[in-house]
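Accompanying notes for the structure given below.
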Amino acid sequence: MRRTGSPTYGKRFVGNTNKKEVHDLDNEKTGANECQIDEIINAGNAITFNPDTIAQAHSQGYDNCAHYIGGSTH
Ligand SMILES: [Zn+2]
């Protein structure tokens, strides 16, 4: 689920600067040990990408989160 407020402003892809993982909010998993997007935001570790694409996230060194389609790349 995309968040319209700060700091993600409705963007689809959100990076966790702590773990260098990128999450796809259109395919977010909300279980206890899954994406934890709100926890990332509350910890101040959420960033977005410009452009808002998975390729841009990868170019900045972010790996897919474990729940992303196709899974982690390493
Ligand atoms: Zn995720």
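You'll find the side chain of N64 reaches within 4.5 Å of the side chain of V22, heavy atoms only. Between K19 and I40 there is no side-chain heavy-atom pair separated by less than 4.5 Å. Here the side chains of I41 and P7 are in contact, with some heavy-atom distance below 4.5 Å.
Summarising the geometry of K20 relative to G61, their closest heavy-atom pair is CE-O, 3.9 Å, with the distance given to 0.1 Å. Residue I47 comes nearest to Q60 through the heavy atom pair CD1-NE2, 4.4 Å, listed as atom of the first residue, atom of the second, then distance.
One finds the CD atom of Q36 at 8.5 Å from the NE2 atom of H23 (value rounded to the nearest 0.5 Å). The distance from the CG atom of N16 to the CD atom of E39 is 10.5 Å, given to the nearest 0.5 Å. For the atom pair CD1 of I37 and SG of C65, the computed distance is 7.0 Å after rounding to the nearest 0.5 Å. Residue D38 holds its CG atom at 6.0 Å from CE of M1, rounded to the nearest 0.5 Å.
Within the 3.5 Å criterion, the main-chain N or O of Q56 finds a donor-acceptor partner in the side chain of T53. Judged by distance alone, with hydrogens and angles left aside, the side-chain atoms of T4 form no donor-acceptor pair with the main-chain N or O of G10 at under 3.5 Å. Judged by distance alone, with hydrogens and angles left aside, the side-chain atoms of E28 form no donor-acceptor pair with the main-chain N or O of D24 at under 3.5 Å.
For D26 and R12, the salt-bridge test passes: some basic side-chain N is under 4.0 Å from an acidic carboxylate O.
Between F49 and Y62, the gap from one ring centroid to the other is short of 6.0 Å.
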